[in-house]
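Okay, so here's the structure we're looking at.
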Protein chains: 2
Amino acid sequence: MTDSDPLDAVFGALAHPVRRQILARLAEQDATVNELAEPFDMSLPAISKHLRVLEAAGIISRGKRAQFRPCHLEPEPLEAVAGWADQYRHIWQARFDAMTRAIETMKGKADD
Amino acid sequence: MTDSDPLDAVFGALAHPVRRQILARLAEQDATVNELAEPFDMSLPAISKHLRVLEAAGIISRGKRAQFRPCHLEPEPLEAVAGWADQYRHIWQARFDAMTRAIETMKGKADD
DNA sequence: CACAAATTAAACTGATTAGTTAATTAATCA
DNA sequence: TGATTAATTAACTAATCAGTTTAATTTGTG
């Protein structure tokens with residue numbers, strides 16, 4: 001029973017466009033399941049399942065107001081994603097720097 | 001045929017711990033399939049499939065040197081991931097700022 | 001109490017995923 | 001040429017995923 005990396009669930013949750021759209025919506029404001037479902041041509045249970053995936057990954061949490069379950073975005077896992085990707089920043093930075101130098105060289109030649 | 005968001009494939013590829021470990025290895029240096037497979041207790045075809053997933057997402061590319069297919073990390077999709085997550089930076093930043101203010105308030109009270 | 005609304009649960013289907021082993025391709029080497 | 005090495009392809013299995021429809025649960029309201 002090796003407990004799996006939480007990033008597995010986070011990246012898995014982010015792999016579906018519907019779920020990313022839901023997050024974009026929640027970034028603006030908390031919303032109920034019906035509100036979140038509205039833009040999609042999809043059954044309500046399907047949306048409910050997507051929300052469960054997001055919740056299992058810790059990316060959203062849910063309240064309980066009357067018969068509504070308002071969803072709330074939890075930013076920490078997204079911060080973890082940014083942190084993970086930042087590990088590789090020096091690699092694309094290096095590529096960017098090389099490009100910049102190449103452009104500078106071309107400028108130098110153009111000045112001849 | 002709505003062509004799907006490339007982030008689908010990228011996040012999907014990153015959702016597996018073996019694939020993330022492979023990327024960590026490739027961040028240090030290009031490597032062959034056998035080299036990449038070595039740390040894993042898993043058949044070579046399984047690794048081959050993981051590499052195909054990474055390649056399909058554009059996260060790695062592969063060369064052809066003799067009978068070897070050296071793999072190379074392509075940083076752009078990872079940069080895209082960082083950029084995507086950065087959309088949400090203001091949200092966790094706000095939470096961080098609130099925490100900072102709360103700490104300052106506590107300090108103030110302690111000074112009473 | 002009865003009903004309507006919001007959401008989830010259950011049961012099912014079809015597609016995809018992650019792995020296996022065995023066979024195949026392609027290139028080097030003796 | 002024949003053997004060896006690197007890697008992929010093929011064929012298969014078990015599990016998970018993404019969606020459906022129908023039914024149940026929970027809460028508010030007339």
Side-chain angles (χ1 to χ4, degrees), chain A residues 1-23 25-26 29-73, chain B residues 1-23 25-26 29-73:
Chain A
M1 279 312 138
T2 65
D3 62 324
S4 61
D5 192 325
L7 279 177
D8 292 5
V10 174
F11 280 126
L14 298 179
H16 199 293
V18 166
R19 292 193 288 258
R20 290 200 307 280
Q21 256 183 265
I22 288 174
L23 292 185
R25 174 85 190 272
L26 288 176
Q29 197 164 20
D30 289 4
T32 69
V33 178
N34 270 289
E35 287 167 350
L36 292 170
E38 190 269 325
F40 301 103
D41 185 20
M42 190 179 291
S43 72
L44 215 49
I47 298 294
S48 196
K49 283 183 178 185
H50 282 304
L51 293 174
R52 180 199 300 269
V53 172
L54 289 168
E55 188 181 26
I59 310 177
I60 69 169
S61 61
R62 324 164 84 160
K64 198 176 265 198
R65 196 146 41 236
Q67 70 254 221
F68 306 87
R69 308 289 144 85
C71 297
H72 174 74
L73 193 141
Chain B
M1 283 305 142
T2 65
D3 62 323
S4 60
D5 191 324
L7 279 178
D8 292 5
V10 174
F11 280 126
L14 297 180
H16 199 294
V18 166
R19 291 193 289 259
R20 290 200 306 280
Q21 257 183 264
I22 288 173
L23 292 185
R25 173 85 190 272
L26 288 176
Q29 195 164 20
D30 289 5
T32 68
V33 178
N34 270 286
E35 287 168 348
L36 292 171
E38 189 269 325
F40 300 102
D41 184 19
M42 189 179 291
S43 71
L44 213 49
I47 297 296
S48 197
K49 282 185 180 183
H50 282 304
L51 293 174
R52 182 199 316 242
V53 172
L54 289 167
E55 188 180 26
I59 311 177
I60 68 169
S61 61
R62 324 164 85 161
K64 199 176 264 199
R65 197 148 40 240
Q67 72 253 223
F68 306 88
R69 307 289 143 83
C71 297
H72 174 75
L73 193 142

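Below, read A as the first sequence line, B as the second, and so on, with proteins coming before strands; counting in each chain starts at 1.
Rounded to whole angstrom, the span from the CZ atom of A:Phe11 across to the C1' atom of D:dC17 amounts to 19 Å. A:Leu54 places its CG atom 11 Å from the P atom of D:dA18, with the value rounded to the nearest Å. Nucleotide D:dT27 holds its P atom 14 Å from the CZ atom of A:Arg65, rounded to whole Å. Between B:Glu38 atom CD and D:dA7 atom P the separation is 13 Å, expressed in whole Å. The nearest whole Å value for the distance from the NZ atom in A:Lys64 to the P atom in D:dG28 is 11 Å.
Taking 4.5 Å as the limit, some side-chain heavy atom of A:Leu14 sits within range of a side-chain heavy atom of A:Leu23.
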Contact state string [nucleotides 7-20 of chain C, B base, S sugar-phosphate only, - no protein heavy atom under 4.0 Å]: BSB-B------SBB

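For the salt bridge (Lys or Arg N to Asp or Glu O under 4.0 Å) test, no residue two or more places apart in sequence or in another chain qualifies with A:Glu38. Every residue meeting the salt bridge (Lys or Arg N to Asp or Glu O under 4.0 Å) condition with A:Arg20, not counting sequence neighbours, appears here in chain and number order: B:Asp5, B:Asp8. Applying the salt bridge (Lys or Arg N to Asp or Glu O under 4.0 Å) rule to B:Arg52 yields no partners; only residues at least two apart in sequence or on another chain are considered. Scanning for salt bridge (Lys or Arg N to Asp or Glu O under 4.0 Å) contacts around B:Glu55 gives B:Arg62, with sequence neighbours left out. Residues satisfying the side chain to side chain contact (heavy atoms under 4.5 Å, CB included) criterion with A:Val18, sequence neighbours excluded, are A:His16, A:Ile22, A:Phe40, A:Met42, A:Ile47, A:His50.
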